[in-house]
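Input: a single structure, listed below in structure tokens.
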Amino acid sequence: MSLVLTCLMDQGMLSRDSLEVIGAGKSLASDLGAGLAVAVIGAETSALCAAAGEYGAGKIYSVQDASLEQYYCEGYLAALEAVCRECKPVAVLFVTNMQGRELAPRLAKRLNKAALVDCLSFNVEHETGRIIFTKPVFGGKAMAQVVLSDAPAVVALRRRSFEPAQQDQVEPEIIQVKPVSIPVNPFKVMERVEEQQAGVRLEDARVVVSGGQGLGGPENFAILEELAGLLGGAVGASRVAVDSGWVSSSKQVGQTGKIVAPDVYLAVGISGACQHLAGCSGAKVIVAINTDPEAPVFGAARLGVVGDYKDVLPPLIKKVKEII
Amino acid sequence: MQIMVCLKKILDPEVPPRDFRLKKGEMAPATEGIPLVMSSFDQNALEVGLQLREKLAGATVTAVTVGPEDSEDVLRKALAVKADRAVRVPLEQDSKLAGGIVAGLLAGAAKQLGADLVICGRQAGDWDGSQVGLILTEALGWPLVNLVMGIEPGSSGLVLRRELDEGYEVIEGNSPLVAVVTNHETNVLRIAKVKDTMAAMRKKIELFDVVDSAAVELQGGRIELVSLEIPVKEANCEMITGENGGEKADNLVKRLLELKVL
């Protein structure tokens, strides 16, 4: 039986990213009449194997080595190359996160195949059995449908574009894979700063209040923080606000930033470049507040307010305080 | 240190959706009336290279592009911000999603130059392939640092600051290596002086012939484009009105409550 291999990057517990890639892997395997396989990597993978089994991974390829306790590209790449040579999958799926972005193209090159990054959806063509992948191009202004010339197709899926897998307990077959050699990490980490966001994580927030160029400076993000805080939400930003140094890059929403899918996405002083909207198009309701009625953001918004945020946000905060 | 920065000339990604069209009967965008520019992450990559050169005695920055003769504009722009050398690797076809071919040619150029450090942008703002720097890493067999914001000389090698999904890290490693750059407030490309822009027009652009490695690349996997479409988006924005900010805010909250999202 042919296999769709999904690659997990977790240690111990399954992340939302992993559930999404397993969910997508199951759906692709079922469309192809293939089985689902999962690759897990780490110093000790038994907890992860058990967790993957709970979500229907029938075949688990595990690479265990003390050197793989923490993620590093060269080591994980060697591990995945060994898994692919053993598993011979028809497709290899990643999530377009920090790891998937760098692993997918490099792994494909090692297998002498092609990779696709930031895939939004796929379908299997009945007549030919080819997998057609859809990917946004030109910053989301166009959609490309592509096929990868030969198996395995190595694909990184856009976050929040696939339904997470549901529980589906199976007794997995676990295959231990030993890479011929695992290169040492060529880099020494001198400092790692995990930015703890006060309150909710941007990607999990039910309400996101984002600011852009229209805010004019870093000090004006305080009012967005206040509103987001009241609503139990998080603050995001456009690329212009990040490039201007007003907020840290971990707050950037968009194609090359965070992909968010809140109930409400409030875009304040954001003109609405396609590249930005790509990061929030999954929101239930996008609200745009902008002085320019011609701003493209209104084309994507469900609700629009033409006006200066300085006139609208203070009474909005007051109103929100009344109802919560 | 020989620093090589990879640059691509693309259709201006800032063009608004209403002006973005496809060529009739072709899976390619219409280019009439739309400016062509240096891809924005490549601008960040160039700035990272220039800043590193300023801190490393004897370092040089070579700007390299792959494409037809008219792609030399991006090299002129790099020379205008004081890149030391400019190299074009000829490729007539539109690279579309053929990052493997471009990466192969760039790897050939890196070898020909004797580069110690290759810096690329994370993705080109046209086809958004996000692969050239990574495939290039494999073609050269060098280590990679992805999503780099800045590079400094370290006590024994290079110190790179890279973006993580939540936060950042600072790592140290030795050249040769490939750095793939993302945007950050510290790497917005400097503006060229008028006299340097004029001087750049007269500078020499070297042509590199690196056919062999491209042929090798062609044997690898390919991405075949099946269709290219502009998604139809119906705008259905409901405008919230009011005499003043207060009324608008009240009406907005009312609608959000009605839509059951607050």
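All chains are named by letter (A, B, ...) in the order of the sequence lines, taking the proteins before the strands, and each is independently numbered beginning at 1.
- A distance of 13.0 Å separates CZ in A/Arg110 from CD1 in B/Ile135, rounded to the nearest 0.5 Å.
- Contact of B/Leu136 with chain A is not made at all, since no heavy-atom distance falls under 4.5 Å.
- Only the side chain of B/Asn44 comes within less than 4.5 Å of a heavy atom of chain A; its backbone N, CA, C and O stay farther away.
- Both the backbone and the side chain of A/Ala301 come within less than 4.5 Å of a heavy atom in chain B.
- Between A/Thr256 and B/Thr182 there is no side-chain heavy-atom pair separated by less than 4.5 Å.
- When side chains are defined from C-beta on, B/Val15 counts as touching A/Lys141, because their heavy atoms get closer than 4.5 Å.
- With B/Asp250 as reference, A/Lys319 is the one residue of A/Glu322, A/Lys318, A/Lys319 to meet the side chain to side chain contact (heavy atoms under 4.5 Å, CB included) rule.
- Nearest heavy-atom pair, B/Ser130 versus A/Pro105, reported as atom, atom and distance to 0.1 Å: O-CG, 4.1 Å.
- Side-chain contact between B/Asn244 and A/Asp311: absent, with no pair of heavy atoms (C-beta onward) separated by less than 4.5 Å.
- Rounded to the nearest 0.5 angstrom, B/Leu256 CG and A/Arg302 CZ are separated by 10.0 Å.
- When heavy atoms are compared at a cutoff of 4.5 Å, A/Ile323 approaches chain B solely by way of its side chain, counted from C-beta outward.
- Looking at B/Leu158, neither its backbone nor its side chain comes within 4.5 Å of chain A, counting heavy atoms on both sides.
- Side-chain contact between B/Leu144 and A/Arg106 is present, with at least one heavy-atom pair separated by less than 4.5 Å.
- Listed by chain and number, the residues in a salt bridge (Lys or Arg N to Asp or Glu O under 4.0 Å) with A/Glu125 are A/Arg130 (sequence neighbours excluded).
- Here the closest heavy-atom approach between residue B/Ser40 and residue A/Arg239 is recorded as OG-NH1, 3.2 Å.
- In this structure, the portions of B/Tyr168 lying under 4.5 Å from any heavy atom of chain A include both its backbone and its side chain.
- Here the CG atom belonging to B/Asn251 is positioned 11.5 Å from the CG atom belonging to A/Leu316, to the nearest 0.5 angstrom.
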Evaluation steps, side-chain contact (heavy atoms from CB on, under 4.5 Å), between A/Val146 and B/Leu97: CA-CA 9 Å; A/Val146 304; B/Leu97 285 158; 3.8 Å; yes

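- The shortest non-hydrogen separation linking B/Cys237 to A/Leu303 is SG-C, 3.8 Å.
- Among the candidates B/Asn187, B/Val170, B/Thr137, B/Leu147, the residue making the largest number of heavy-atom pairs closer than 4.5 Å to chain A is B/Val170.
- Here A/Cys73 contributes atom SG and B/Leu134 contributes atom CG; the two are 8.0 Å apart, rounded to the nearest 0.5 Å.
- Residues B/Pro231 and A/Ala142 share a closest heavy-atom pair of CD-CA, 3.9 Å.
- Residues of residues 23-39 of chain B lying under 4.5 angstrom from chain A, judged on non-hydrogen atoms, are B/Pro29 by number.
- Side-chain contact, A/Gln252 with B/Asn183: a donor N or O sits under 3.5 Å from an acceptor N or O.
- The shortest distance between side-chain heavy atoms of B/Val261 and A/Arg206 does not fall below 4.5 Å.
- Heavy-atom distances place no part of B/Glu247 under 4.5 Å from chain A, backbone and side chain included.
- Residues B/Gly167 and A/Ser250 come closest through the heavy atom pair N-CB, 4.3 Å.
- Of the charged side-chain nitrogens involved, none lies within less than 4.0 Å of a carboxylate oxygen, so that A/Glu191 and B/Arg161 do not count as a salt-bridged pair.
- Residue with the most contacts toward chain A among B/Lys233, B/Glu234, B/Glu163: B/Glu163 (heavy-atom pairs, distance under 4.5 Å).
- Note that CE of A/Met98 and CG of B/Leu164 are 5.0 Å apart. Values are rounded to the nearest 0.5 Å.
- Contact of the A/Lys135 side chain with the B/Trp127 side chain is not registered, since no non-hydrogen atoms from C-beta on lie closer than 4.5 Å.
- Atom CD of A/Gln145 is separated from atom CG of B/Leu228 by 10.0 Å, given to the nearest 0.5 angstrom.
- Contact check for A/Met190 versus B/Glu169: no side-chain heavy atoms found under the 4.5 Å cut-off.
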Pair B/Lys248-A/Asp308, salt bridge (Lys or Arg N to Asp or Glu O under 4.0 Å): steps then yes or no: CA-CA 11 Å; B/Lys248 287 176 187 169; A/Asp308 190 334; over 6 Å; no

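- Between B/Ile223 and A/Ala114, the closest heavy-atom pair is CG1-CB, 4.0 Å.
- At a threshold of 4.5 Å between non-hydrogen side-chain atoms, the residues B/Pro17 and A/Cys274 count as touching.
- In this structure a side-chain-to-backbone donor-acceptor pair under 3.5 Å is missing from A/Asp243 to B/Glu185.
- Formation of a donor-acceptor pair under 3.5 Å by the A/Lys258 side chain with backbone atoms of B/Asp165 is found in this model.
- The contact between A/Leu231 and chain B is made entirely by side chain atoms (from C-beta outward), counting heavy-atom distances below 4.5 Å.
- Taking the centre and axis of the six-membered ring of A/Tyr72, the NZ or CZ atom of B/Arg162 falls outside the cone set by 45° and 6.0 Å.
- Only the side chain of B/Leu257 comes within less than 4.5 Å of a heavy atom in chain A; its backbone stays farther off.
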